[in-house]
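The structure under discussion appears below in the form of structure tokens.
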Amino acid sequence: MFLVVGAWTVGGGETMMTGLIAQFILGDELARIPFWDLVFKPDAGYWKIYISLGMLFGALVGAILSKEFYWRVPRHLSEWVMITIGGLLMGVGIRLAFVCNVSTFFGLTPQMNLGGYLSVVGIIAGAWVGSMIYKKVLEG
Amino acid sequence: MSVVGECLTAFIFGSMVGFLVQRSRFCNTAALRDAMLFKTYRNTKALLVTMMILTIGFTTFMTFGDGKPLHFYVGLNQVIGLFLFGIGMVLAGACTVSTWVKAGEGNVGAIWALLFTFIGMFLFSLVWSFIYWPPAGATMNGVPNVAGLQFGFANASTLQEETGIPAVFFGLIQTGVLYAIYRAILRKERRIEEQRSAARQPATSSVEAAV
């Protein structure tokens, strides 16, 4: 169990999905972008993809069993804008850092990895700035 | 394990996590955001307890030379990247895990956030292809690379190797620190509770007086 959790990072699966989608759209043109050749070669057999899909599935089952499943649509334009910017920042941030918050809190820091501490500093500062922006948007 | 077996295991593991996270409403984003914005600490406490258990677990494994730590080279990119990630996750209202979970609950906003996470990753892949920073995993060899702002690699296992002190010792220190934070949060909660009841007290007594 510890071994599985320790190796569990979330960003990798999403990156691979991005790669696969991009490969599907762009075809062989993708090989001209070095990132997808040197760092992440798109591969549908990459196991982390299935953790993410599994989470989607598990949450769906949980939500249906507890009768919590219903379509929620953000109502305000400001929410859509925040989600869009937030999503973009998460994508860029994950790839720049090579880790995401799950591996920070559950993988690297418990292993006392130096990266864990650096990441915790970054994420707390980021969450603080984010909270300030969030507050401004909600109040303003 | 074969590739299909690996993927299947991963899928089952993911389903379990998704189910539990959906039921418990656990979220790393909420753990940080609620503590800063709303001064509620339910998720923060859960996060701290999880980290304490995992710290003990990992360092115990490492003491016996097992435990397969992530071999992970770190640098300044972690701080910058997670800073951006931190802003993003608060704005999007969920980190990557809870975005998937919320998407499973039927939250269209979460699906939208995922879509833009993908787009963000793709955009960064273009940027990376120009600057080649941070260095790709293959070029990282553990030697501190100051020019690339990379600090090499260190964790409890390397500490154990260098100092000869069992990794679990450092793990216990870290757990102690985490526990101190946990205690501080409990105290803070009690203080907030007292303030609230103190604020409620005159209100009720004036109501009684009016009656």
Side-chain angles (χ1 to χ4, degrees), chain A residues 2-3 10 15 18 22 33-35 38-39 45 47 50-52 54-60 62-63 69-74 82-93 95-97 100-102 106-107 110-115 118-119 121-123 125-131 134, chain B residues 3 6-7 10-11 14-15 17-19 22-23 28 32-33 36-37 51 54-55 57-58 68-70 72 74 77-79 81-92 95-97 100-101 104-109 112-113 116-118 120-122 124-125 128-129 136 154-156 170:
Chain A
F2 279 107
L3 299 187
V10 174
T15 315
T18 314
I33 304 170
F35 181 88
L38 291 173
V39 186
W47 60 282
Y50 300 94
I51 288 192
S52 297
M55 285 193 297
L56 185 71
F57 177 73
L60 181 68
F69 183 88
Y70 54 92
W71 293 104
R72 301 162 174 84
V73 185
M82 282 205 301
I83 291 171
T84 309
I85 297 172
L88 281 175
L89 282 177
M90 283 206 286
V92 173
R95 285 286 36 95
L96 184 58
C100 89
N101 67 337
V102 174
F106 297 156
Q111 288 165 6
M112 306 195 67
N113 194 309
L114 181 60
L118 292 173
S119 307
V121 170
I123 202 164
W128 192 78
V129 172
S131 300
Y134 192 68
Chain B
V3 177
E6 265 180 15
C7 294
F11 185 79
S15 303
V17 171
F19 185 79
Q22 201 278 328
R23 296 308 303 139
N28 284 336
L32 292 173
R33 183 200 54 200
M36 288 170 186
L37 217 51
M51 279 171 72
L54 284 175
T55 304
F58 277 132
K68 211 170 92 180
L70 289 173
F72 206 85
V74 295
N77 57 312
Q78 246 96 46
V79 183
L82 275 157
F83 180 70
L84 294 178
F85 185 88
I87 300 174
M89 71 176 189
V90 174
L91 291 184
C95 67
T96 20
V97 174
W100 281 110
V101 171
E105 282 180 343
N107 189 324
V108 178
W112 188 257
F116 275 89
T117 308
F118 289 162
M121 283 175 168
F122 188 73
F124 184 73
S125 78
W128 190 89
S129 302
N155 66 13
F170 297 104

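Quantities reported herein were computed from a predicted structural model and do not represent experimental measurements. Residue numbers start from 1 in every chain, and the chains themselves are labelled A, B, ... in the order their sequence lines are given, proteins ahead of strands.
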Can you give me the closest heavy-atom contact between B:Ser15 and A:Phe57, atom names plus distance?
OG-CD2, 3.5 Å

Residue pair A:Ile123 / B:Phe85: nearest heavy atoms and the distance that separates them:
CD1-CD2, 4.0 Å

Could you tell me the separation between the CD1 atom of B:Ile87 and the CH2 atom of A:Trp128, rounded to the nearest 0.5 Å?
11.0 Å

By a 4.5 Å heavy-atom criterion (distance strictly below it), what part of A:Tyr70 contacts chain B: side chain, backbone, both, or neither?
backbone

Please identify, among A:Ala125, A:Gly122, A:Ala22, the residue contributing the most non-hydrogen atom pairs under 4.5 Å to chain B.
A:Gly122

Check A:Arg95 against B:Met121 and note the closest heavy-atom contact, atom names and distance.
CG-CG, 3.8 Å

If you look at every heavy atom in B:Gly104 and A:Leu56, which pair is closest and at what distance?
N-CD1, 3.5 Å

Does B:Ser125 have any side chain to side chain donor-acceptor pair (under 3.5 Å) partners at least two apart in sequence or in another chain, and if so, which?
A:Trp36

Contact leader toward chain B among A:Ala63, A:Gly91, A:Gly130, where contacts are heavy-atom pairs under 4.5 Å:
A:Gly91

Output the option from B:Gln22, B:Arg23, B:Met36 having the highest count of non-hydrogen pairs under 4.5 Å with chain A.
B:Gln22

Could you tell me which residues satisfy ring pair (Phe, Tyr, Trp, His ring centres under 6.0 Å) with B:Phe116, sequence neighbours excluded, listed by chain and number?
B:Trp112

Which pair of non-hydrogen atoms, one from B:Ala113 and one from A:Ile83, has the smallest distance, and what is that distance?
CB-CG2, 3.5 Å

Taking atom CH2 of B:Trp100 and atom CE of A:Met55, what is their separation to the nearest 0.5 Å?
7.5 Å

The interface call for B:Arg33 against chain A, heavy-atom contacts under 4.5 Å, is both

Between B:Leu84 and A:Leu89, which heavy-atom pair has the shortest distance, and what is it?
O-CB, 3.7 Å

For the CG atom of A:Leu88 and the CZ atom of B:Phe124, what is their distance to the nearest 0.5 Å?
13.5 Å

Most chain B-contacting option - heavy-atom pairs closer than 4.5 Å, from A:Leu60, A:Val129, A:Thr84:
A:Thr84

